[in-house]
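Have a look at the structure below before the remarks.
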Amino acid sequence: MNIINLDETHSTNQYLQELLQNGELEEGTCVRAGFQTAGRGQQGNFWESKEGKNLTFSIVIYPDFLSIIEQFIISQIVSLAIKEVLDHYSEDILVKWPNDIYWKDKKIAGILIENSLIGNQIQHSIIGIGLNVNQETFLSDAPNPVSLKQITNRDFDLDALLKEILNTIFKFYLKLIQGGAGEIRKQYLNCLYRRVGFHSYSDENGIFRAKIEDVQDNGRLCLLTEAGEKRLYYFKEVSHI
């Protein structure tokens, strides 16, 4: 497994993109930074991470067997892999649709996946992950961050934790290659934050109560309202209250 360790970079996703412009990398190549000056989450959101305290890294895979409409399965395998690793250290780890990792009602990890396409197929995927590990205080205006140390009251070896996560991601990736997409999707649905019962949501029309009915193969969230109406949403079209 090829791991490129950097003291500092603008963004591990962007660094990998720049490397790929100079030629294909070994699948699974990982770029890890002690600090990112321009770390990003979904939709360009800033990812706060204190230098040397957390895991901020990106990996490249070549899932050219997937079509564009199947690309959400990559998000699912990565989410499930991180959850499985964190399950070794704490209970109450869940996946908040589409791919935030939560401990109870607090966010411990975020994932940013950027796909490069050729025609209707995926050429390569760069998977960026930010995991709060040993950080004890958060200074940004993010509403609900938490770290593994805050949960467990212990420090973690970042190198060992990174290798555990990478191995688990590729375990799920191999499962996908071997035809396990259906099982992966089912497992993902069962691990979702607020999977059970009705909860408050907000969309462009206002606040309503609904429960999670399904997540479609293309990543759309299917909610069932208390009135029995099914509503479909892409990311950022609906939010939890």
Side-chain angles (χ1 to χ4, degrees), residues 1-16 19 25-41 46-61 74-96 99-113 125-140 142 144-175 187 191 193:
M1 192 175 294
N2 181 23
I3 300 176
I4 301 169
N5 286 295
L6 305 173
D7 290 333
E8 180 179 303
T9 190
H10 38 311
S11 156
T12 55
N13 267 33
Q14 188 175 338
Y15 190 92
L16 262 182
L19 289 179
L25 300 170
E26 174 188 346
E27 187 165 49
T29 295
C30 171
V31 173
R32 171 191 172 192
F35 181 69
Q36 293 185 115
T37 58
R40 292 176 295 133
F46 174 72
W47 179 263
E48 178 189 0
S49 181
K50 191 171 182 180
E51 185 172 355
K53 291 293 185 179
N54 304 311
L55 285 175
T56 52
F57 63 97
S58 300
I59 60 176
V60 62
I61 59 173
I74 300 170
S75 182
Q76 291 174 310
I77 65 172
V78 177
S79 299
L80 288 172
I82 295 173
K83 172 181 160 51
E84 182 172 301
V85 171
L86 296 183
D87 281 342
H88 297 159
Y89 307 108
S90 177
E91 299 178 344
D92 301 312
I93 301 293
L94 295 168
V95 180
K96 183 184 175 191
N99 56 17
D100 283 338
I101 310 302
Y102 266 46
W103 173 77
K104 297 186 177 179
D105 291 317
K106 296 180 178 290
K107 181 176 176 178
I108 189 170
I111 300 164
L112 175 65
I113 298 174
S125 295
I126 293 179
I127 302 161
I129 297 168
L131 173 63
N132 299 328
V133 184
N134 293 324
Q135 189 162 338
E136 296 183 76
T137 57
F138 293 88
L139 304 178
S140 75
N144 58 347
V146 71
S147 71
L148 206 49
K149 181 171 184 177
Q150 288 176 323
I151 296 169
T152 64
N153 199 31
R154 55 170 280 202
D155 285 304
F156 288 82
D157 182 319
L158 295 179
D159 293 334
L161 189 60
L162 174 64
K163 290 177 181 177
E164 187 178 2
I165 292 171
L166 292 176
N167 287 335
T168 309
I169 288 173
F170 279 93
K171 182 186 77 172
F172 277 95
Y173 185 47
L174 180 60
K175 185 175 184 178
Q187 186 176 350
C191 290
Y193 174 73

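Scope of the values below: all heavy atoms of this structure, side chains included, with no hydrogens, waters or symmetry mates. What you see is a predicted model; the values in this text were computed from it and never measured.
Between Lys96 and Asp105 no salt bridge is recorded (no basic side-chain N to carboxylate O distance below 4.0 Å). Ionic pairing of Lys53 and Glu136 is not present here: no N-O contact between side-chain nitrogen and carboxylate oxygen is shorter than 4.0 angstrom. With salt bridges taken as basic N to acidic carboxylate O contacts below 4.0 Å, one links Asp87 and Lys83.
A distance of 4.5 Å separates CG in Asp155 from CG in Asn134, rounded to the nearest 0.5 Å. Interatomic distance, CG of Asp92 versus CG of Leu86, reported as 12.0 Å (0.5 Å rounding). Rounding to the nearest 0.5 Å places CZ of Phe138 at 10.5 Å from CG of Asn144. Here CZ of Arg154 is found 6.5 Å from OH of Tyr89. Values are rounded to the nearest 0.5 Å.
With respect to Ile108, the side chain to side chain contact (heavy atoms under 4.5 Å, CB included) criterion is satisfied by exactly one of Val146, Ile82, Asp100: Val146.
With no hydrogens or angles considered, no side-chain donor-acceptor pair links Ser79 and Asn99 at under 3.5 Å. A donor and an acceptor atom, one from each side chain of Glu27 and Tyr173, are located under 3.5 Å apart.
Between the Ser147 side chain and the Gln135 main chain, a donor and an acceptor come within less than 3.5 Å of each other.
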For this session: Evaluate salt bridge (Lys or Arg N to Asp or Glu O under 4.0 Å) for Asp159 paired with Arg32, printing each intermediate quantity in order.
Result: CA-CA 10 Å; Asp159 293 334; Arg32 171 191 172 192; 2.4 Å; yes
